[in-house]
Amino acid sequence: MASSEYEVRLKKLQTLKELGVRYPYRYETTHTIDGLKENFKEGERVRIAGRVLTKRPFGKLIFSHLRGEFADIQIMVQKGKTPEDFFVGLNLEKYGGSRNPAKIYEKFVDIGDVIGVEGETVRTKTGEPTVLVERLTLLVKSLHPLPEKWHGIQDPELKYRRRYVYLISNLEARKHFYRRFLFLRETRRFFEERGFIELETPILQPIYGGATARPFKTYSNALETDLYLRIATELSLKKLLVGGFSRIYEIGKNFRNEGIDSTHYPEFTALEAYAAYWDYGDVMELTEEYFNTMVRLLTGGEEEFEYAGKRINARRPFKRIRFVESLNEKVGFDVLKAPYEKLLAVAEREGIKVKNPTRAKLYDKLFDHFVGDHITDPTFVMDHPIELSPLARRHREEEGVVERFELFVAGMEVANAFSELNDPIDQKERLLKEVELRKVAKDEELPEDVDWDFITALEYGMPPTGGLGLGLDRIFMLITNSENIRDVIPLPTLRPKEDQSS
RNA sequence: GGGCCGUUAGCUCAGUAGGUAGAGCACCGGAUUUUUAAUCCGGGGGUCGCAGGUUCGAUUCCUGCACGGCCCA
């Protein structure tokens with residue numbers, strides 16, 4: 001990584017040290033740059049700190065922009081107004097060069113450095129809010145040059161791999177992640193206002209469950225056992241429901257050791273919420289309100305948003321369709337009654353390749369292909385086949401399906417909810433069937449074993465419950481028109497490259 | 001997993017119908033007291049992703065690999 005510019009900066013740093021400059025441990029500011037910019041008044045004495053973005057020297061005068069968190073402000077070093085000894089620590093006698101402060105700034109302060117300045121607020125001839133520097137403290141030097149000031153980082157790989165550099169040079173990106181914070185905060189507030197409390201459940205588990213997915217595996221030295229990173233929080237939260245909590249939720253990461261693409265990421269942020277005494281109808285109400293609320297939050301009050309060039313209408317009520325009927329309509333027969341071979345034949349005819357094509361997987365893939373992929377506006381897909389939903393309660397009126405819904409928006413599944421299965425006997429049978437199926441279908445996404453502690457918990461009695469899972473990354477992607485899931489993850493992981501140490 | 005595309009200076013990008021490369025920003029030296037991508041003069045900087053092959057000669061053509069992007073499954 002040795003670059004000549006890196007060496008130039010190292011050398012400059014060495015010179016500054018020799019001239020007496022030391023990095024301070026703290027810097028007292030009177031304003032943030034954002035705050036000062038927002039409430040700018042002339043003739044104030046201020047102390048601010050930020051990163052140097054630009055330099056425009058004019059001999060006896062130099063302009064520079066400092067970057068705060070979400071705003072920039074101009075500073076100015078001017079001979080005659082800025083004292084000669086403005087650079088904290090710098091021994092002028094020893095330096096022996098020009099005493100013109102503008103020249104000293106030009107020479108020793110580089111683009112990318114973090115500095116603190118003290119001075120008076122003024123407006124320049126063009127009216128730009130500016131701090132006329134009287135004292136400057138070098139807080140830390142940047143040893144690397146910043147990306148091109150005009151275009152910033154364009155290379156998508158660099159944008160993810162060196163996210164910090166991308167964030168330095170791109171204020172919009174910072175605001176984007178600030179909006180992610182607002183989104184998560186409002187999500188918590190939404191559930192809190194409705195009586196839900198947030199509880200944390202284990203990430204490391206001896207048995208994984210609650211979804212169909214391949215897990216990450218690790219090992220505990222203390223417990224002398226293999227552990228898995230959770231693929232869902234469902235079973236843990238249900239144990240807490242049995243324990244007596246009636247409205248609980250958790251926001252956290254789930255881990256799935258599977259492929260990465262624009263909508264899948266191995267550690268994704270999900271919310272699961274459970275309300276005792278509710279059924280999926282109550283949850284649907286809640287979900288509709290939640291999604292609509294988040295759209296209004298992130299669009300500044302609108303009920304529509306743009307995603308991938310499409311206008312999405314999030315006005316309530318959302319459209320409701322039934323899983324089986326909508327699929328039947330497309331394939332021309334009753335998928336629940338059709339023999340397995342017939343389903344497989346349709347998949348083959350449509351060119352859908354299904355690995356380990358169990359009946360459940362065929363339902364899933366066929367539905368996405370014929371229906372899910374074509375959904376644009378928020379739509380509840382209801383009452384899934386029972387094979388697809390081992391944790392959902394059987395439909396109160398219909399055979400072969402469960403009380404479940406998924407929310408689809410722009411072809412993406414963003415919510416999944418059930419009337420939760422609370423019959424321990426039915427639950428045990430269905431989970432055992434999954435484990436059996438794993439052996440037959442050799443499908444590593446199916447569970448290795450039943451979480452017997454979960455069954456025991458259900459045997460103590462879990463009240464009728466409505467449960468909800470939300471893919472928070474995806475919801476935020478949609479509403480902020482981010483087409484790649486990595487664009488909503490502050491520090492995305494990429495495949496490691498060769499050693500890059502300098 | 002398959003297909004297509006990309007990888008050239010720190011960054012953004014040109015380019016070579018095969019003769020080892022350019023610009024802008026950034027950097028270095030100089031000029032400049034009101035700029036907003038400041039400007040002007042001068043300068044340094046490259047294993048052209050990696051490894052093979054073809055060739056007198058490869059950054060350029062071919063093959064493989066790595067990393068990334070998009071699409072399909």
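So that the names make sense, note that chain A is the first sequence line, chain B the second, and so on, each numbered from 1.
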Practice prompt. Walk me through it: do Arg174(A) and Tyr178(A) pass the test side-chain hydrogen bond (donor to acceptor under 3.5 Å, both in side chains)?
Written response: CA-CA 6 Å; Arg174(A) 287 192 210 172; Tyr178(A) 180 73; over 6 Å; no

Discussion item. Would Glu448(A) and Tyr228(A) count as a side-chain hydrogen bond (donor to acceptor under 3.5 Å, both in side chains) here? Give the steps.
Written reply: CA-CA 11 Å; Glu448(A) 260 177 347; Tyr228(A) 299 95; 2.8 Å; yes

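In this structure, Lys149(A) reaches the A26(B) phosphate: one of its side-chain N or O atoms is under 4.0 Å from OP1 or OP2. For C70(B), the OP1/OP2 oxygens have a side-chain nitrogen or oxygen of Asn484(A) closer than 4.0 Å. Residue Arg56(A) has a polar side-chain atom (N or O) positioned under 4.0 Å from OP1 or OP2 of A38(B). For Arg495(A), a side-chain nitrogen or oxygen approaches OP1 or OP2 of G68(B) to under 4.0 Å.
Residue-level contact check: Gln78(A) touches the bases, meaning some heavy atom is under 4.0 Å from a base atom. Counting non-hydrogen atoms under 4.0 angstrom, Glu350(A) reaches nothing in the nucleic acid. At a threshold of 4.0 angstrom between heavy atoms, the contacts of Lys12(A) are confined to the sugar-phosphate backbone, with no base atom among them. Backbone-only engagement by Lys107(A) is indicated by non-hydrogen atom pairs under 4.0 Å involving sugar-phosphate atoms exclusively. Lys365(A) comes within 4.0 angstrom of nothing in the nucleic acid, heavy atoms only. Nucleic acid contact class of Gly80(A) (heavy atoms, under 4.0 Å, all strands): none. Residue Arg486(A) is in sugar-phosphate contact alone, with no base atom involved, counting any heavy-atom pair closer than 4.0 Å across all strands shown. At the heavy-atom level, Ile62(A) lies nowhere under 4.0 Å from the strands shown. Gly259(A) comes within 4.0 angstrom of nothing in the nucleic acid, heavy atoms only.
Comparing A66(B) with A51(B), their C1' atoms sit 10 Å apart, to the nearest whole Å. Straight-line distance between the P atoms of U47(B) and G10(B): roughly 7 Å, to the nearest whole Å. Rounded to the nearest Å, the gap between the P atom of G2(B) and that of C11(B) is 30 Å. Taking the P atoms as reference points, A14(B) lies 16 Å from G24(B), given to the whole Å. When the C1' atom is compared between G15(B) and A58(B), the two are found 15 Å apart, to the nearest whole Å. The same atom, P, is picked in U63(B) and in C25(B); the two are 39 Å apart, to the nearest Å. For the C1' atom pair drawn from C61(B) and U16(B), the interatomic distance equals 13 Å after rounding to whole Å. Between A9(B) and A26(B), the distance separating the two C1' atoms is 10 Å to the nearest Å.
Look at U33(B): it lacks any Watson-Crick or wobble partner with both distances under 3.5 angstrom. When both distances must be under 3.5 Å, the Watson-Crick or G-U wobble mate of C4(B) is G69(B). The base-pairing partner of G19(B), taking Watson-Crick or G-U wobble contacts with both distances under 3.5 Å, is C56(B). U47(B) is unpaired under the Watson-Crick or G-U wobble criterion, no partner having all donor-acceptor distances under 3.5 Å. Partner assigned to C25(B) is G10(B), using Watson-Crick or G-U wobble distances below 3.5 angstrom.
Here U34(B) is the nucleotide among A37(B), G69(B), U34(B) with the atom lying nearest to any side-chain atom of Thr124(A). In the set U12(B), A26(B), A38(B), A38(B) carries the atom at the smallest distance from any side-chain atom of Thr54(A). Considering only the side chain of Met76(A), U34(B) comes nearest among U34(B), U12(B), A26(B). When each of U34(B), A26(B), C13(B) is scored by its nearest atom to the side-chain atoms of Gln154(A), the top-ranked nucleotide is C13(B). Among G68(B), C27(B), G44(B), the nucleotide with an atom closest to any side-chain atom of Ser4(A) is G44(B). If you check U32(B), C67(B), G44(B) against the side chain of Glu106(A), the one that comes closest is U32(B). Residue Glu5(A) places its side chain closer to A26(B) than to any other of U35(B), C11(B), A26(B). If you check U33(B), U35(B), U34(B) against the side chain of Lys60(A), the one that comes closest is U33(B). The listed nucleotides are G68(B), A38(B), G24(B); the one nearest the side chain of Phe58(A) is A38(B).
Put simply, CZ on Arg67(A) and CG on Asp72(A) are 4.0 Å apart, with the number rounded to the nearest 0.5 Å. Between the OG1 atom in Thr358(A) and the OH atom in Tyr363(A) there is a gap of 10.5 Å [rounded to 0.5 Å].
Taking the 5.5 Å centre cut-off and the 30° plane limit, the aromatic side chain of Phe63(A) is classed as stacked on U35(B).
Atom pair Arg161(A):CZ and C11(B):P shows a separation of 13 Å (rounding to whole Å applied). Residue Trp150(A) contributes atom CH2, which lies 15 Å from atom C1' of A26(B) at whole-angstrom precision. Following rounding to the nearest Å, Lys159(A) (NZ) and G69(B) (P) show an atom-to-atom distance of 10 Å. In this structure, His65(A) atom NE2 and U34(B) atom C1' are separated by 13 Å, rounded to whole Å.
Applying the ring pair (Phe, Tyr, Trp, His ring centres under 6.0 Å) definition to pairs two or more places apart or across chains, none involves residues 9-55 of chain A.
With Phe108(A) as the aromatic partner, Lys12(A) does not meet the cation-pi criteria of under 6.0 angstrom to the ring centre and within 45 degrees of the ring axis. Note that Arg135(A) lies outside the cation-pi zone of Phe86(A), set by a 6.0 Å cut-off to the ring centre and a 45° limit from the axis.
Taking 3.5 Å as the limit, the base of U35(B) and the side chain of Gln74(A) contain a donor-acceptor pair of atoms between them. Remark: the Lys103(A) side chain and the U32(B) base include a donor-acceptor N/O pair separated by less than 3.5 Å.
Side chain to side chain, Arg162(A) and Tyr166(A) fail the donor-acceptor criterion of an N or O pair below 3.5 Å. Side chain to side chain, His151(A) and Glu148(A) meet the donor-acceptor criterion of an N or O pair below 3.5 Å.
For the pair His151(A) and Asp110(A), nearest-nucleotide mapping onto RNA chain B gives the more 5' position to His151(A).
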